[in-house]
**Q** 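Encoded as structure tokens, here's the structure I'll be asking about.
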Amino acid sequence: MTSVAFAGLLLVSTLFTPAVPVHSSTSGAPAGKTGSPGDVQSCTQCHSGTATLQHNLISTDIPPTGYAPNYTYHVTATVAYQGRVKFGFQVSPQNVSGTKIGNMVATNTTATQVQSSGKYITHKSAGTSGTDGRTWTFDWKSPASGSGPVTFYGAFNCTNNLNNSSGDVVYLSRITYYEDPSSVAEYVNQVHFNVFPSPALNEINLVMETNENITAEIFGIDGKRVKSMEFTDVQAGVIIPVDVQELASGIYFVRIASEGKTGIQKFVKQ
């Protein structure tokens, strides 16, 4: 393997199991080399040194409220290393089990290419050169409603261009986005309930319209779950008090799930 080959043989930490050796090319990393829990590959089996976790190498225009279903977002992957002139990358949108969430879309087909039916995107030969760094841009098509959080896992190789497996610098990066609860409500608002008061100070009340067992979750405006509860034998019209005094002031969403159906309502915490 040459130093211009993508060092996508990656592992984030000892939480993952050992990997098997694989080979890559300057024309693109083989699929499954992002260092995600699902990919589980070690860069040190082909390149000397270790893969270092770096923040903020991947960015998107997904809003803080989370992604909307079936929508196309722009993604940017950037790596920098002074004095290097050859770079490679691979990015994949996955859940914690390694399942593809949405699809990668190559918008610059000269520099990038998709793999495994849109699970991965990587460089082409024409997309490896750069002075002290390299940036790639592409799109992500979000999945159907109810798909849950997505993490963009990325691996980046800053090669020394010496045609050997030593001296390359490999970075891993990741960023997680949640599904926008308000957009989910448009698609899965099948469980009918009320939330009051809003604004709420220390407590909200849930009132179901039918008798059922429910799971109740509270999400912040950023899409992160902050509270989860289960209630059995809930009776229609009966008030279920929920303590929210520990929550910071802001906008929240309550999601109720029951027998494969879901409903969402918004409330404000003072």
**Q** Would the distance check show the side chain of Ser142 and the main-chain N or O of Asn70 forming a donor-acceptor pair, the cut-off being under 3.5 Å?
**A**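 Judged by distance alone, yes, a pair lies under 3.5 Å.
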**Q** Please find the pair of heavy atoms, one from Tyr67 and one from Ser147, that lie closest to each other, and give the distance.
**A**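 Shortest heavy-atom separation between Tyr67 and Ser147 comes out as OH-CB, 3.8 Å.
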**Q** Spell out, as yes or no, whether a donor-acceptor pair under 3.5 Å connects the side chain of Glu179 to the backbone of Gly148.
**A**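 Confirmed, Glu179 side chain pairs with Gly148 backbone.
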**Q** Heavy-atom distance under 4.5 Å between the side chains of Glu203 and Val242, does that happen here?
**A**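 Sidechains of Val242 and Glu203: no contact.
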**Q** In terms of hydrophobic clusters joined by side-chain contacts under 4.5 Å, are Ile121 and Ile175 together?
**A**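 As far as the 4.5 Å side-chain criterion goes, Ile175 and Ile121 are connected within one cluster.
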**Q** Measuring from Asp233:CG to Asn213:CG, what's the distance to the nearest 0.5 Å?
**A**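 With rounding to 0.5 Å, CG (Asp233) is 5.5 Å from CG (Asn213).
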**Q** Counting distance only, does the side-chain N/O of Arg84 pair as donor-acceptor with the main-chain N or O of Cys158 below 3.5 Å?
**A**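 At least one qualifying donor-acceptor pair exists.
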**Q** Do side-chain atoms of Arg134 reach the backbone of Ser129 as a donor and acceptor pair under 3.5 angstrom?
**A**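 Side chain of Arg134 to backbone of Ser129: a pair is present.
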**Q** Would you mind listing every side chain to side chain donor-acceptor pair (under 3.5 Å) that reaches into residues 107-121, with sequence neighbours excluded?
**A**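 Matches after skipping sequence neighbours: Asp39-Tyr120, Gln90-Gln115.
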**Q** Establish, from distance only, whether the side-chain atoms of Ser36 and Gln94 form a donor-acceptor pair under 3.5 Å.
**A**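 Indeed, the side chains of Ser36 and Gln94 share at least one donor-acceptor pair under 3.5 Å.
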**Q** Looking at CG of Leu53 and OH of Tyr171, how far apart are the two atoms once the value is rounded to the nearest 0.5 Å?
**A**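 The CG atom of Leu53 sits 11.5 Å away from the OH atom of Tyr171.
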**Q** Which residue is it: Asn205, Val207, Ile214? I am looking for the one with a side-chain contact (heavy atoms from CB on, under 4.5 Å) to Ile240.
**A**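 Running side-chain contact (heavy atoms from CB on, under 4.5 Å) over Asn205, Val207, Ile214 with Ile240 returns exactly one hit, Ile214.
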**Q** Would you find more than 12 non-hydrogen atoms of other residues, nucleotides or ligands less than 6.0 Å from Lys266 atom NZ?
**A**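 Incorrect, the count does not exceed 12.
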**Q** Please verify the inter-ring angle class for Tyr252 with Phe267; under 30° counts as parallel, over 60° as perpendicular, anything in between as tilted.
**A**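 Rings of Tyr252 and Phe267: parallel, under 30°.
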**Q** I'd like to know if the side chain of Asn103 reaches the main chain of Val105, judged simply by a donor and an acceptor atom lying under 3.5 Å from each other, with no hydrogens or angles considered.
**A**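 Between the backbone of Val105 and the side chain of Asn103 there is no qualifying donor-acceptor contact (under 3.5 Å).
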**Q** Measure the CD-OG1 distance between Glu259 and Thr215 for me, rounded to the nearest 0.5 Å.
**A**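 Interatomic distance, Glu259 CD to Thr215 OG1, rounded to 0.5 Å: 11.0 Å.
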**Q** Can you give me the closest heavy-atom contact between Pro69 and Ser145, atom names plus distance?
**A**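 For Pro69 versus Ser145, the nearest heavy atoms are CB-N, 3.5 Å.
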**Q** Any chain of hydrophobic side-chain contacts (each under 4.5 Å) joining Ile204 to Val238?
**A**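 Per the 4.5 Å side-chain linkage, Ile204 and Val238 are not co-clustered.
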**Q** From Met208 CE over to Ile256 CD1, what is the distance, rounded to the nearest 0.5 angstrom?
**A**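 Spacing of CE (Met208) from CD1 (Ile256) equals 5.5 Å.
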**Q** May I ask you to test the Phe196-Ile239 pair for a side-chain heavy-atom distance under 4.5 Å?
**A**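 SC-SC contact between Phe196 and Ile239 confirmed.
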**Q** Trp140 versus Thr60: any side-chain heavy-atom pair under 4.5 Å?
**A**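 A side-chain contact under 4.5 Å is absent here.
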**Q** Which heavy atom in Lys33 sits nearest to a heavy atom in Ala155, and how many Å separate them?
**A**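 Heavy-atom minimum between the residues: O-CB, 3.4 Å.
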**Q** Checking side-chain polar atoms at under 3.5 Å, does Lys269 have a donor or acceptor matched by the opposite partner on Ser249?
**A**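 No pair is found: no donor N or O on one side chain lies under 3.5 Å from an acceptor on the other.
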**Q** Please confirm whether the backbone N or O of Ala68 pairs with a side-chain atom of Tyr73, one donor and one acceptor, at under 3.5 Å?
**A**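 Checked: pair present.
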**Q** Kindly give the heavy-atom pair with the smallest separation between Phe89 and Thr122, and that separation in Å.
**A**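 Looking at all heavy atoms of both residues, the closest pair is O-OG1, 2.6 Å.
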**Q** According to a hydrophobic-cluster definition based on side-chain heavy atoms being under 4.5 Å apart (Ile, Leu, Val, Met, Phe, Trp, Tyr only), do Leu206 and Met229 belong together?
**A**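 As far as the 4.5 Å side-chain criterion goes, Met229 and Leu206 are connected within one cluster.
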**Q** Answer whether the closest heavy-atom distance between the side chains of Lys227 and Glu246 falls below 4.5 Å.
**A**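 Yes, at least one pair of side-chain atoms sits under 4.5 Å.
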**Q** Look at the side chain of Asn211 and the backbone N and O of Ala236, then say whether any donor-acceptor pair between them is shorter than 3.5 Å.
**A**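 Pair found, side chain donor or acceptor close to backbone of Ala236.
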**Q** Is there side-chain contact between Val150 and Asn95, with heavy atoms separated by less than 4.5 Å?
**A**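 SC-SC contact between Val150 and Asn95 ruled out.
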**Q** So which of Thr128, Thr159, Asn160, Asn157 actually passes side-chain hydrogen bond (donor to acceptor under 3.5 Å, both in side chains) with Lys86?
**A**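 Single pass found, and it is Thr128.
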**Q** Are Leu201 and Val268 linked, directly or through other ILVMFWY residues, by side chains that come within less than 4.5 angstrom of each other?
**A**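 Hydrophobic grouping puts Leu201 apart from Val268.
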**Q** Evaluate Val114 against Phe138 for side-chain contact (heavy atoms from CB on, under 4.5 Å), listing each step before the verdict.
**A** CA-CA 10 Å; Val114 295; Phe138 41 93; over 6 Å; no
**Q** Rounded at 0.5 Å granularity, tell me how far NE2 in His74 sits from OG in Ser59.
**A**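 Here the rounded value is 12.0 Å.
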**Q** So, for Ser173 and Ile58, which heavy atoms are closest and what is the spacing to 0.1 Å?
**A**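 Minimum heavy-atom contact is O-CD1, 3.8 Å.
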**Q** Does a side-chain heavy-atom distance below 4.5 Å link Val170 with Phe156?
**A**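 With C-beta onward as the side chain, the pair stays apart.
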**Q** For a quick test of reading the model, state the closest non-hydrogen atom pair linking Asp132 to Gly83 and the distance between them.
**A**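 Smallest heavy-atom distance, with atoms named: OD1-N, 2.6 Å.
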**Q** Is any side-chain heavy atom of Phe152 less than 4.5 Å from a side-chain heavy atom of Ile62?
**A**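 Answer yes - side chains close enough.
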**Q** Would Arg174 and Leu57 count as a side-chain contact (heavy atoms from CB on, under 4.5 Å) if you check the C-alpha gap in whole Å, the side-chain angles of each, and the deciding distance to 0.1 Å?
**A** CA-CA 8 Å; Arg174 62 183 63 176; Leu57 301 188; over 6 Å; no
**Q** Measure the shortest side-chain to side-chain distance between Thr78 and Asn56 over non-hydrogen atoms and say whether it is less than 4.5 angstrom.
**A**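 No, side chains not in contact.
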